[in-house]
Enquirer: 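Dropping the structure in here first, questions after.
Keep in mind the model is a prediction, meaning the values are calculated, not measured. What you see below is based on every heavy atom in this structure, not just the backbone, and it leaves out hydrogens, waters and symmetry mates.
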Amino acid sequence: MTIVADILVGLVALIHVYIVVLEMFLWTTPRARAAFGTTEEFAEASKTLAANQGLYNGFLALALVWGLVAGQFQLQLYGLVCVIVAGLYGAATASKRILFVQVLPGALALVALLIAR
């Protein structure tokens, strides 16, 4: 079960690395605008805010990767709980789609991590 937990935690980290790239570097591109449902004008006006948000997603990914590399249960636990809380807030305030993109993978990884413990 530890291998399953590690794979799921790694997947959640990769999802957040992808979000970092979209928010920090590709925010105004057609791909990112399609992913987040924004217009060209909105993307241009909000790119600094998106980059800031991307940085926070980077911190989530870093906590998960660091926890995996160091074999630190508590750091992985912290990272996954933060991912889930951030996803729940995002789903409540921005898009219900976040439940499937962020919360569901985070919750599955959390369950696997707790079982493997």
Enquirer: With heavy-atom distances below 4.5 Å as the criterion, would you say the side chains of Leu80 and Leu64 are in contact?
Expert: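 Contact flag for Leu80/Leu64 side chains = yes.
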Enquirer: Flag yes if Leu99 and Leu110 sit in one hydrophobic cluster, no otherwise; membership is Ile, Leu, Val, Met, Phe, Trp, Tyr, and two members link when side-chain heavy atoms are under 4.5 Å apart.
Expert: yes
Enquirer: Dump the intermediate steps for side chain to side chain contact (heavy atoms under 4.5 Å, CB included) on Leu77 and Leu114, then the final yes or no.
Expert: CA-CA 8 Å; Leu77 178 66; Leu114 292 173; 4.2 Å; yes
Enquirer: Check the hydrophobic clustering (I, L, V, M, F, W, Y; side-chain heavy atoms under 4.5 Å; chains of links allowed) and say if Leu11 and Ile115 are grouped together.
Expert: no
Enquirer: Apply side chain to side chain contact (heavy atoms under 4.5 Å, CB included) to the pair His16 and Val83, showing each step before the final yes or no.
Expert: CA-CA 9 Å; His16 281 77; Val83 162; 3.6 Å; yes
Enquirer: Apply the test side chain to side chain contact (heavy atoms under 4.5 Å, CB included) to residues Leu26 and Arg31: give CA-CA distance (whole Å), side-chain angles for both, the deciding distance (0.1 Å), then the verdict.
Expert: CA-CA 8 Å; Leu26 303 176; Arg31 172 66 194 115; 5.7 Å; no
Enquirer: Test side chain to side chain contact (heavy atoms under 4.5 Å, CB included) on Leu113 and Leu8 and set out the steps.
Expert: CA-CA 9 Å; Leu113 181 69; Leu8 291 174; over 6 Å; no
Enquirer: Can you tell if the side chain of Thr93 reaches within under 4.5 Å of the side chain of Tyr89, non-hydrogen atoms only?
Expert: yes
Enquirer: Does Asn52 use its side chain to pair, donor to acceptor, with the backbone of Thr48 at less than 3.5 Å?
Expert: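 No.
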Enquirer: Would you confirm whether Glu23, through its side chain, and Gly54, through its main-chain N or O, come within 3.5 Å as a donor-acceptor pair?
Expert: yes
Enquirer: Can you hop from Val85 to Leu88 via hydrophobic side chains spaced under 4.5 Å?
Expert: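 Same hydrophobic cluster.
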Enquirer: Within the side chain of Ser46, is there an N or O that forms a donor-acceptor pair under 3.5 Å with the backbone of Leu49?
Expert: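 Side chain of Ser46 to backbone of Leu49, a donor-acceptor pair under 3.5 Å: no, none is there.
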Enquirer: Determine whether Thr2 and Arg117 make a side-chain contact, defined as any pair of heavy atoms from C-beta on separated by less than 4.5 Å.
Expert: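 Contact flag for Thr2/Arg117 side chains = no.
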Enquirer: Can a donor-acceptor pair be found between the side chains of Trp27 and Thr38 at a distance below 3.5 Å?
Expert: no
